[in-house]
Peer 1: 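First, the structure itself, so that you have it in front of you.
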Amino acid sequence: MINNIKDKFPVFKKKPNLVFLDTAASALKVDKMINAISDCYSYEYANIHRGIYELSSKLTKKYEDSRVSVSNFINSPSSHNIIFTKSATEGINLVSSCLSNNYFKDGDEVIVTGLEHHANLVPWHLVSKKIKIITASLNTKGEIDYNDLIKKINSNTKLIAITHMSNVTGSITNLYEIKTKAKKLNIPILVDGCQFVPHQKLNIKELDPDFYVFSAHKLYGPSGLGILYMKDYWIDRLGPYQGGGSMIKNVESDSSTYLDGNHKFEAGTPPIAEVIGLSSAIDFINEVGIDNIFSHEKELTNYAYNKINANNDVELYGDFKNQTSIISFNVKGVHYNDLAMLMDKKNIAIRTGHHCAQPFMKYFKISGNARMSVGVYNNKEDIDYFVESIKEIKNIFK
């Protein structure tokens, strides 16, 4: 790990006492990324893929080099499999819309799970007039019931849309178990990797999904940018998601033809500075080492879990043997929103509510809970202060 790593995050210069435990929602921003975006707008900016003048051509190269950087980061077969969107949510919507237009037939089934973020549920609801949504159950610990999921795979199943890591519990999905059955029936898989990618090394070649989405803002990078990995087969088969500039071969007043490859999914002026910023955020992660980040966060989460679990007044959610970086809980006798507001008075930032995962909450018959999630900038002193604050707040409500 980098010594004095908090110095890399400008927010701590202004708020040195901040204990930020909401990284699962969005990571704090590293100086290297901020500077890259500032330099892009200040000294390098022009529209790309259009101009033949120096500013445009140089930034076009830098933008496409960033695509290569993302590809290398996840070990994608090629940068041509990387599609930039405005968010991971848009990436899933792109896939659901394009599959509805070019693949799904009436009555086809899409399997989701009770562990999904709303971003991997609502896009399928929007095309549910054509498809039937099948939900795999959870077990008593809040993990996916793999037996139930595999049992529900059949000849009508045309897609499995599943999270790689729960944003509620930090539970990591055993995708290989699911993939074995799905591949036998030639069923494509879409993976929501928003929580997984910032914490563990992703090897797309080894995992071999058909679609994989994640977001820049959870990678210490900018908001307003999502990444969609798509296999060559689907890039060739699916039509465009949106129409406009940058994705066309030829336009007549009454018809158009479209570019081949990933560019047909990137209509309009792209998030140029954000893509440049993401590349710098990835440089930071590579400098620290993704394996080092994982071991650091795993150690912190274990440390926090052991301290929180010793408190009989705290109810924990999830099977902690299979989770990392996130702990969701409720304190008996304290509403989770009251807890968050009093934590804020102590300069501790945690997330409360349903975490865009209402099916999970309904399964446990709760309206929501509190969630702490760690990042590369957290340390054991943060955890000690957080756990002691839970005790102090609990005493207020006695």
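Basis for what follows: all heavy atoms, side chains included, without hydrogens, waters or symmetry-related copies.
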Peer 1: Does any donor atom in the side chain of Asn337 or Thr352 lie under 3.5 Å from an acceptor atom in the other side chain?
Peer 2: yes

Peer 1: What's the spacing between Glu299 CD and Asn379 CG if we round to 0.5 Å?
Peer 2: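 Those atoms lie 11.0 Å apart.
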
Peer 1: Mind listing the closest non-hydrogen atom pair of Phe104 and Lys130 along with its distance?
Peer 2: O-CD, 3.5 Å

Peer 1: Check whether more than 12 heavy atoms from other residues, nucleotides or ligands sit under 6.0 Å from atom NE2 of His80, and answer yes or no.
Peer 2: no

Peer 1: Taking the basic N atoms (NZ, or NE/NH1/NH2) and the acidic carboxylate oxygens, is any pair closer than 4.0 Å for Arg371 and Asp22?
Peer 2: yes

Peer 1: Would Phe20 end up clustered with Val288 when hydrophobic side chains under 4.5 Å apart are linked, directly or stepwise?
Peer 2: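 Yes, because Phe20 and Val288 connect within a single hydrophobic cluster, where side-chain heavy atoms sit under 4.5 Å apart.
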
Peer 1: Tell me whether Lys13 is salt-bridged to Asp31, with the criterion being a basic N under 4.0 Å from an acidic carboxylate O.
Peer 2: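 Judged by the 4.0 Å cut-off on N to carboxylate O distance, Lys13 and Asp31 do not form a salt bridge.
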
Peer 1: With a 4.5 Å cut-off on side-chain heavy-atom distances among I, L, V, M, F, W and Y, is there a chain of contacts connecting Ile204 to Phe84?
Peer 2: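 Yes, same cluster.
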
Peer 1: What verdict does the side chain to side chain contact (heavy atoms under 4.5 Å, CB included) test give for Lys62 and Val275, after you've listed the backbone C-alpha separation in whole Å, the side-chain angles of each residue and the deciding distance to 0.1 Å?
Peer 2: CA-CA 9 Å; Lys62 195 168 185 179; Val275 169; over 6 Å; no

Peer 1: With the 4.5 Å side-chain cut-off for hydrophobic clustering, are Leu28 and Leu225 part of the same group?
Peer 2: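 Cluster IDs for Leu28 and Leu225 match.
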
Peer 1: Please determine whether side chain to side chain contact (heavy atoms under 4.5 Å, CB included) holds for the pair His164 and Leu207, giving the CA-CA distance in whole Å, both sets of side-chain angles, and the decisive distance to 0.1 Å.
Peer 2: CA-CA 11 Å; His164 202 166; Leu207 186 62; 3.9 Å; yes

Peer 1: Quick check on Lys141: does its NZ atom have over 12 non-hydrogen neighbours (other residues, nucleotides or ligands) under 6.0 Å away?
Peer 2: no

Peer 1: Kindly assign one of parallel, tilted or perpendicular to the pair Phe211 and Trp234, based on the angle between their ring planes and the thresholds 30° and 60°.
Peer 2: tilted

Peer 1: May I ask you to check whether Phe284 and Phe9 place their ring centers less than 6.0 Å from one another?
Peer 2: yes

Peer 1: Cut-off 3.5 Å, side chains only: do Thr60 and Arg50 have a donor facing an acceptor?
Peer 2: no

Peer 1: Report the residue from Ile82, Asn203, Asn81 that forms a side chain to side chain contact (heavy atoms under 4.5 Å, CB included) with Ile74.
Peer 2: Ile82

Peer 1: Any side-chain heavy-atom pair from Asn93 and Leu126 closer than 4.5 angstrom?
Peer 2: yes

Peer 1: Shortest non-hydrogen contact from Thr169 to Gly318?
Peer 2: CG2-CA, 4.0 Å

Peer 1: Which heavy atom of Met230 sits nearest a heavy atom of Ile83, and at what distance?
Peer 2: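 Answer, listing the atom of Met230 first, then Ile83: CE-CD1, 3.9 Å.
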
Peer 1: Do other residues, nucleotides or ligands put more than 12 heavy atoms under 6.0 Å from the NZ atom of Lys205?
Peer 2: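 Counting neighbours around NZ of Lys205, more than 12 heavy atoms of other residues, nucleotides or ligands fall under 6.0 Å, so yes.
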
Peer 1: Parallel under 30°, tilted from 30 to 60°, perpendicular over 60°: which one fits the rings of His354 and His118?
Peer 2: tilted

Peer 1: May I ask you to check whether Glu392 and Ser389 show a side-chain donor-acceptor distance below 3.5 Å?
Peer 2: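 Checked: Glu392/Ser389 side chains show no N/O donor-acceptor pair below 3.5 Å.
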
Peer 1: So is Lys58 actually on top of Tyr63's ring, under 6.0 Å and inside 45° of the axis?
Peer 2: no

Peer 1: Give a yes or no on whether a salt bridge exists between Lys231 and Asp208, defined as a side-chain N under 4.0 angstrom from a carboxylate O.
Peer 2: yes

Peer 1: Dump the intermediate steps for side chain to side chain contact (heavy atoms under 4.5 Å, CB included) on Leu94 and Gln242, then the final yes or no.
Peer 2: CA-CA 9 Å; Leu94 185 158; Gln242 296 176 327; over 6 Å; no

Peer 1: Are side-chain heavy atoms of Met33 and Pro222 found at a separation under 4.5 Å?
Peer 2: yes

Peer 1: Give a yes or no on whether a salt bridge exists between Asp65 and Lys61, defined as a side-chain N under 4.0 angstrom from a carboxylate O.
Peer 2: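 Salt bridge between Asp65 and Lys61, a charged N being under 4.0 Å from a carboxylate O: yes.
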
Peer 1: Verify, without hydrogens or angle tests, whether His117 (side chain) and Ala119 (backbone) share a donor-acceptor contact under 3.5 angstrom.
Peer 2: yes

Peer 1: Determine whether more than 12 heavy atoms belonging to other residues, nucleotides or ligands lie under 6.0 Å from atom CD of Glu54.
Peer 2: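 Atom CD in Glu54 is not packed in, count stays at 12 or less.
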
Peer 1: Output the distance between atom CD1 (Ile144) and atom CG (Leu115), rounded to the nearest 0.5 Å.
Peer 2: 5.0 Å

Peer 1: For residues Phe386 and Met343, determine if any side-chain heavy atom of one lies less than 4.5 Å from a side-chain heavy atom of the other.
Peer 2: yes

Peer 1: Atom OG1 of Thr157 and atom CG of Leu185: how far apart are they, to the nearest 0.5 Å?
Peer 2: 7.5 Å

Peer 1: Take a 6.0 Å sphere around CD1 of Ile396 and say whether it holds more than 12 heavy atoms from other residues, nucleotides or ligands.
Peer 2: yes

Peer 1: Under the salt bridge (charged side-chain N to carboxylate O under 4.0 Å, His left out) rule, what do Lys6 and Asp382 come out as? Steps first, then yes or no, please.
Peer 2: CA-CA 12 Å; Lys6 284 193 174 184; Asp382 291 343; 3.6 Å; yes

Peer 1: Mind checking whether Phe329 and Val168 sit in one hydrophobic cluster, side chains of I, L, V, M, F, W, Y counted as touching below 4.5 Å?
Peer 2: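 Different clusters: Phe329 never reaches Val168 through Ile, Leu, Val, Met, Phe, Trp or Tyr contacts under 4.5 Å.
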
Peer 1: Fit a plane to each ring of Phe214 and Tyr212, take the angle between them on a 0 to 90° scale, and name the class: parallel (under 30°), tilted (30 to 60°) or perpendicular (over 60°).
Peer 2: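 Plane angle over 60°, so perpendicular.
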
Peer 1: How many angstroms lie between CD in Glu297 and OG1 in Thr324, if you round to the nearest 0.5 Å?
Peer 2: 6.5 Å

Peer 1: Is a side-chain donor-acceptor pair under 3.5 Å present for Asn330 with Tyr317?
Peer 2: yes

Peer 1: Between Lys380 and Asp384, does any NZ, NE, NH1 or NH2 come within less than 4.0 Å of an OD or OE carboxylate oxygen?
Peer 2: no

Peer 1: Would you compute the distance between atom CD1 of Ile178 and atom CD1 of Ile189 and round it to the nearest 0.5 angstrom?
Peer 2: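 So the CD1 of Ile178 and the CD1 of Ile189 are separated by 7.0 Å.
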
Peer 1: Do Tyr43 and Ile34 sit in the same hydrophobic cluster, where Ile, Leu, Val, Met, Phe, Trp and Tyr count as joined when their side-chain heavy atoms come under 4.5 Å apart?
Peer 2: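 Tyr43 and Ile34: separate clusters.
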
Peer 1: Give a yes-or-no answer on whether the side chains of Asn378 and His296 include a donor-acceptor pair shorter than 3.5 Å.
Peer 2: no

Peer 1: Take Asp210 and Lys179 through the salt bridge (charged side-chain N to carboxylate O under 4.0 Å, His left out) test and state the conclusion after the steps.
Peer 2: CA-CA 11 Å; Asp210 295 82; Lys179 186 177 74 171; over 6 Å; no

Peer 1: Can Ser137 and Asp145 be counted as having a side-chain donor-acceptor contact under 3.5 angstrom?
Peer 2: no

Peer 1: Could you walk me through whether Tyr176 and Glu206 pass side chain to side chain contact (heavy atoms under 4.5 Å, CB included), step by step?
Peer 2: CA-CA 10 Å; Tyr176 294 96; Glu206 181 182 322; 3.3 Å; yes

Peer 1: What's the separation between atom CD in Glu143 and atom CD1 in Ile172, rounded to the nearest 0.5 Å?
Peer 2: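 Answer rounded to 0.5 Å: 9.5 Å.
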
Peer 1: Would you call the rings of Phe360 and Phe364 parallel, tilted or perpendicular, taking 30° and 60° as the class edges?
Peer 2: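 Phe360 and Phe364: tilted rings.
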
